[in-house]
Amino acid sequence: MASQGLDETVTDSTDSVVRIDGVTKDFGSLRAVDDVTIPIEDGEFLTILGPSGAGKTTLLHMIAGFETPSDGEIYIDNEPVSDKPPNKRDIGLVFQSHALFPHMTVEENIAFPLKMRRENLENITEKVTDILELVRLPTDYVDKPVDDLSGGQQQRVAFARAIVYEPTLLLLDEPLSSLDKKLREEMRAELTRIHEETELTIVHVTHNQTEALSMADRIAVIRDGGLEQLAPVQELYAAPETPFVADFIGNTTLLYGTIIDRGEETSTVAIDDGTVRIPSGIGVDRSDVVIALRAEQVTLGPDSVNTVEGTLEQVSFEGDRTQYHVSVPAFGETIRLVTPNHGERIVHERGDTVTIGWDPEDAFVYPDE
Ligand SMILES: Nc1ncnc2c1ncn2[C@@H]1O[C@H](COP(=O)(O)OP(=O)(O)O)[C@@H](O)[C@H]1O
Ligand SMILES: [Mg+2]
């Protein structure tokens, strides 16, 4: 909605607790991070999302101080930090392997960063008790060796240890990826709660779009080291700016075509042996286009402006919804669609010929570059 105004305010460095400013990182001839600028606001939960190898961990390591940028600068509280070693940056960390001290107790693990900071013993006991409450571990767990805890409980200890000394910033690198699905969902909700209760600024890295969508305030999508789009979560989902973002987020089919006729309201795009309509005048000034179709925007039946016949390759009943893969010979593509279930029987099966469709304004259209 007010995205333009927001963009202007967040690029003002005085508003950001952390600012990644034109940062590049080269490993020899490999450019792992390419001129990335991300202002991070006080108290926000920012997720850096991208495929494996995109440069996410390298970015996080530069914020933490484990790597130095080849170019650009990182500011924390408006101070450049390139010359500051990791232990002077006041940052909490939780990585994929949570690296607790295995033979120490819960209390010894959590107290460790406080002892490093020479807190007095009384304060330490109080802070450990408070933080156990925050991460919802029983306080009589203090004397248990962390080895005796379950995976989920160890994860809670790792979060407690990372935030017990109230850092300016918490960095999370794929923190839930070693947990099984159910635990991962539970910890997602827990992280959201901990963020709300502490108002900590969190920078979180993941390749998992569901994790990003469910936890973040804003998402920065990175691809091959470069920033592809930075936006509040719902805006990113509703208005992906590039085919890469449209494809990476959501359940999306990409169709490649050429505009063959430009009309007043809609234009015609040829895709292989078929044609579809797209809205005219949406800033596409080239004739080669990419059309991104979200599965939930495609419907079964002949009632849309764009309709096409195909064969059901896959029907997957998933309780609250059904997913279909429809092979469309005219386009030489398989289109995905999903429909919500309200208790009715699924009448289609694999091999059936079906008509599917969507309206022009329900697809995203991009110039094909
Ligand atoms: N210390 C390093 N030396 C050389 N190449 C590295 C180093 N760290 C990362 N890379 C390379 O940089 C790219 C980005 O890696 P990384 O930041 O780990 O990606 P991600 O966390 O998004 O999976 C990859 O191609 C990786 O192989
Ligand atoms: Mg990584």
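Atoms within a ligand are numbered from 1 in the order they appear, just like the ligands themselves. By convention here, the first residue in the shown sequence is residue 1. Just so you know, these numbers use all the heavy atoms, side chains as well, and skip hydrogens, waters and symmetry mates.
Between H61 and F95, the two ring planes are tilted [angle within 30° to 60°].
Note on R193 versus E190: salt bridge recorded, some NZ/NE/NH1/NH2 to OD/OE distance being below 4.0 Å. The pair E211-R188 fails the salt-bridge criterion, with no side-chain N (NZ, NE, NH1 or NH2) lying under 4.0 Å from an Asp/Glu carboxylate O.
Considering only residues two or more places apart in sequence or on other chains, E333 meets the salt bridge (Lys or Arg N to Asp or Glu O under 4.0 Å) condition with none of them.
In this structure, R294 satisfies the cation-pi test against Y237, with its NZ or CZ atom closer than 6.0 Å to the six-membered ring centre and inside 45 degrees of the ring normal.
Residue Y75 holds its OH atom at 8.5 Å from OG of S82, rounded to the nearest 0.5 Å. Atoms CD and CZ, on Q297 and F364 in that order, are 7.0 Å from each other to the nearest 0.5 Å.
A ring-ring contact (aromatic ring centres under 6.0 Å, His included) check over residues 145-199, counting only residues at least two apart or in different chains, returns the pairs F45-H195.
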Expected rows: ligand 1 N/O, protein N/O, dist below 3.5 Å:
unit_1   : atom_1 : unit_2 : atom_2 : d
ligand 1 : 17 (O) : T57    : N      : 3.4
ligand 1 : 17 (O) : T58    : N      : 2.9
ligand 1 : 17 (O) : T58    : OG1    : 2.6
ligand 1 : 19 (O) : G55    : N      : 3.2
ligand 1 : 21 (O) : T57    : N      : 2.9
ligand 1 : 21 (O) : T57    : OG1    : 2.8
ligand 1 : 22 (O) : A54    : N      : 3.1
ligand 1 : 22 (O) : G55    : N      : 3.0
ligand 1 : 22 (O) : K56    : N      : 2.9
ligand 1 : 22 (O) : K56    : NZ     : 2.8
ligand 1 : 23 (O) : G53    : N      : 2.7

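For the Mg ion (ligand 2), the neighbouring protein N/O/S atoms at less than 2.8 Å, given as residue and atom, are T57 OG1.
A donor-acceptor pair is defined here as one N or O able to donate and one able to accept, closer than 3.5 Å; such a pair exists between the side chain of D180 and the backbone of L183.
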